[in-house]
Amino acid sequence: MDSLPLHVCHVHKLSILLNRAYSLVHSTALAFLIYYRVSFIFQDLNTRATPGLVPWLLVFASELLLSFIWLLGQAFRWRPVTRTVFPEKLPEDDKLPAIDVFICTTDPDKEPTVEVMNTVLSAMALDYPPEKLNVYLSDDCGSPRTLHGMREAWRFARYWLPFCRRYGIKIRGSEPYFSALSGDGSFGSSEFTTERQKIKERYEMMKDSITKARERGGQGHSRSSTAGDHPSVIEVMQDESDGTLDVLAADKTKMPLLVYVSREKRPSHPHHFKAGALNVLQRVSSVISNSPYILALDCDMYCSDPTSARQAMCFHLDPNIPPSLAFVQFPQRFHNISMSDVYDSQLRTLFSIPWQGLDGLQGPVLSGTGFYIKRVSLYGSTINIADMDLEELKQSFGSSNELIKSVRRIYESNLMDDQDGLQKVTQLLASCSYETDTKWGKEVGFLYDSVVEDYFTGFRLHCNGWTSVYCDTSRPQFLGSGTTNLNDVLIQGTRWSSGLIDVGFSKFCPLIYGPTRISILGSMCYGELAFFPLYCLPLWCFATIPQLCLLNGIPLYPKVSSSFFVIFVFIFVSALSKHLYEVLLTGGSFQTMKNEQRIWMIKSVTCYLYGSLDAIMKKMGLREASFFPTNKAADEEQVKLYQMGKFNFDASNIFLFPMVAIIILNMVAFVGGLLRIMFVGDWDKILVQVFISCYILIMNFPLIEGMIKRKDKGRVQPSVTLLSVIVSIIFSFLGSIIISIVW
Ligand SMILES: O=c1ccn([C@@H]2O[C@H](COP(=O)(O)OP(=O)(O)O[C@H]3O[C@H](CO)[C@@H](O)[C@H](O)[C@H]3O)[C@@H](O)[C@H]2O)c(=O)[nH]1
Ligand SMILES: [Mn+2]
């Protein structure tokens, strides 16, 4: 036992072999496809035998772009690994390093306070020495409701934490614990049952108090009045000596530190969303606890299992892992995923194959939440703390002497005893002008230039020589609220696409900035993520151009009798089979694959497009960066639809129009194609195009149902359908005229 290391890494040899073989075969087929297209263009230029060179070029360009993104994606499959940890081998508790937990919240309406407090409580209840655990909550709204919730949570924690420890409770989120049907802990004993009942009552009291505060809150406490303009508030939670603590808590179990931080926000200062909030937490915590490791959590991501801290330490403290390890990333998992999961809300496509693949290269992408990061890795690469004098350090970190001291790691927190001193220092660090003319957000801390601050910060860390590891255990460590409503899914997708394209088309483009700093394969992975929003171009093209040409009798694909026809069939079948194989390998079903294909098509023609446009407009100075937080407050009707596996088309028109218009165009093209086959008879020339329409219609059948069959609130509104019909008719006519005249 003693000879075991803290962790082992398993290289998946069979997957490596299969993946590489598949990449080889599939890319050979793609090469044939390119040969076919290129030779046709030259032949066409010479003879001008057929009309339709422009649609041909468009389809070819789309095929090239698809192939390019596919090629980048192969890097994820090059060397997948998984890891096992042995926390029982960790040193004694007194030798473990301290951890600061950062939780961010921003909108008490979209992020219900009870849920946020559940996350806070679960972090406090992590299985780790409490004196080495410090929990900070950033409230970007500066809402009195959240502050009140924190005080209530602190009070409840006095009972909850000893209870969890005493009975070895495995589910550390209070809400899921009390709503779980099966008992957890040493159930059966009557002492336990009584305690459980008492704690449950206390929990209900806490919830009640929070709900009442919300109802009382009214105007002055709503988000809009405080969100963008408020002073900073920092409060270290403390015991009230009102003598209400009963027997259970009387054992005075040590509590982790709990700090509420609401940074100053003014309309005149950009606040840089979550990255800005995290940087304030980093500074404030530097002068309070200054722990060497940080766990970052979104407000809805509670620690479902208490063991993650020790698991992460199995990597950070492993002598076999070089000190360049910056962070240990856990997957994002969600507690509200239904069996059918029509929107791929579980993000299987990210947190399975790609992250395992990256783990075999330089390590997974920083994924926003659920990661344990080394504080020093956020100090910036060009900053050499040991060699720089005070002035130089101030240029990077800002004017606070206390902060500089803590950065130099000579800081021993004494401020805690001097409340006034602590307030003064932390107020300065949380003020909105503190970062002016410093390197915060450019080099130090979480980086600002993209709304996917996690991806961008992680990429720069990797480029600066840091590495990461992926820790995916069978019991989910962190559980959040997945987006389970079409509108939310697409808004989130738009933000992600915009942030990714921002990075893709900047001087930090992974394909240019990456290869000299990390491996080519690593850069390809980052590149795939940066450029996948560009799927919007080929998917828009495949959803319209072949159809338009079909209506005008212009073939774009080889005849059925041609040997190149086989190539196209092969590529299609091979891509789908590989997808199916990966879905099955990671615990999904045929249905999962269908859902993923469909939502990929839907996202491509909507949020990938809008996100890319948003990024381009930002670059041209036409738009400002924005971050609409996702909704975590469950709406019963919406949840019901999602649970039943039904789409909720009660979404913004800007998302619905393109989807519906495309479906109508494809219906028309399909019928037109069939009529052509029957009456003109050139079926072998246009079969592929008829098939494309047919495939789009079959895959998106729920959308057709929503337009025609459904009568509930989640259907597609007839007005949307009607307008889309008009749009697609105009598109077909104009398109056909253009084709007949110009092309
Ligand atoms: O101005 C802001 C905006 C957001 N947040 C917080 O950021 C977190 C993530 O926001 P959310 O609305 O949940 O966005 P998601 O799209 O679900 O988040 C994913 O994508 C983000 C990047 O766009 C990452 O930061 C997240 O970690 C990742 O889970 C939440 O806790 C918010 O409270 C702030 O603190 N301040
Ligand atoms: Mn979220």
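Whatever order the structure lists ligands and atoms in, that order sets their numbers, starting from 1.
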Please say whether Glu111 places an N or O atom under 3.5 Å from an N or O atom belonging to ligand 1.
yes
Atom indices of ligand 1 within 4.0 angstrom of Gln492 heavy atoms, with elements
15 (P), 16 (O), 17 (O)
Any idea which part of Lys274 is under 4.0 Å from ligand 1, heavy-atom wise: side chain, backbone, both or neither?
both
Enumerated ligand 1 atoms positioned under 4.0 Å from heavy atoms of Asp140:
1 (O), 2 (C), 34 (C), 35 (O), 36 (N)
Heavy atoms only, cut-off 4.0 Å: how does Lys632 contact ligand 1, side chain, backbone, both, or neither?
side chain
Need the ligand 1 atom indices (1-based, order shown) with element for anything under 4.0 Å from a heavy-atom of Thr369.
27 (O), 29 (O)
Using a strict threshold of under 4.0 Å (side-chain N to carboxylate O), is an ion pair present between Glu582 and Arg348?
no
Polar atom proximity, Trp496 to ligand 1 (N or O, under 3.5 Å):
yes
Within 45 degrees of the ring normal and closer than 6.0 Å to the centroid, is that where the cationic atom of Arg495 sits relative to Phe628?
no
Which label fits Phe397 and Tyr379: parallel for a plane angle under 30°, tilted from 30 to 60°, or perpendicular past 60°?
perpendicular
For Tyr136 and Asp100, run side-chain contact (heavy atoms from CB on, under 4.5 Å): C-alpha distance rounded to whole Å, both residues' side-chain angles, the deciding distance at 0.1 Å, then the answer.
CA-CA 7 Å; Tyr136 295 81; Asp100 288 348; 3.9 Å; yes
In terms of residue, atom name and distance, what is the protein heavy atom nearest to atom 21 (C) of ligand 1?
Arg495 NH1, 3.8 Å
Show the atoms of ligand 1 that are less than 4.0 angstrom away from any heavy atom in Glu453.
22 (C), 24 (C), 25 (O)
Tell me whether Lys110 reaches ligand 1 (any heavy atom closer than 4.0 angstrom to a ligand atom).
no
Are Arg333 and Asp472 close enough for a salt bridge, meaning some N to O gap below 4.0 Å?
yes
From Arg263 atom CZ to His230 atom NE2, the distance as rounded to the nearest 0.5 Å
7.5 Å
Does a side-chain N-to-carboxylate-O contact under 4.0 Å join Lys274 and Asp298?
yes
Is a donor on one side and an acceptor on the other found under 3.5 Å between the side chain of Asp614 and the backbone of Ser498?
no
Going by heavy atoms, is Gln332 under 4.0 Å from ligand 1?
yes
Atoms of ligand 1 close to Asp454 [distance to a heavy atom under 4.0 angstrom, numbered from 1]:
24 (C)
Should you measure from each heavy atom of Thr105, which atoms of ligand 1 turn up under 4.0 Å away?
33 (O), 35 (O)
Shortest non-hydrogen contact from Ala153 toward Met117
CB-SD, 3.8 Å
For Cys104, the atoms of ligand 1 under 4.0 Å from one of its heavy atoms are 6 (C), 30 (C), 31 (O), 32 (C), 33 (O), 35 (O)
Where on Phe273 is there a heavy atom closer than 4.0 Å to ligand 1, on the side chain, on the backbone, on both, or on neither?
both
Examine Cys299 against ligand 1 and note whether any of their N/O atoms are separated by less than 3.5 Å.
yes
Does Arg263, backbone or side chain, put an N or O under 3.5 Å from an N or O of ligand 1?
no
Does any N or O atom in Ala277 lie less than 3.5 angstrom from one in ligand 1, N or O only?
no
Ion pair present between Asp449 and Lys442, side-chain N to carboxylate O less than 4.0 angstrom?
no
With heavy atoms only and a cut-off of under 4.0 Å, state how Val451 meets ligand 1: side chain, backbone, both or neither.
backbone
Please check whether Asp298 reaches ligand 1 - meaning an N/O of the residue sits under 3.5 Å from an N/O of the ligand, judged on distance alone.
yes
Only heavy atoms of Pro629, strictly under 4.0 Å: list the atoms of ligand 1 that pass.
12 (O)
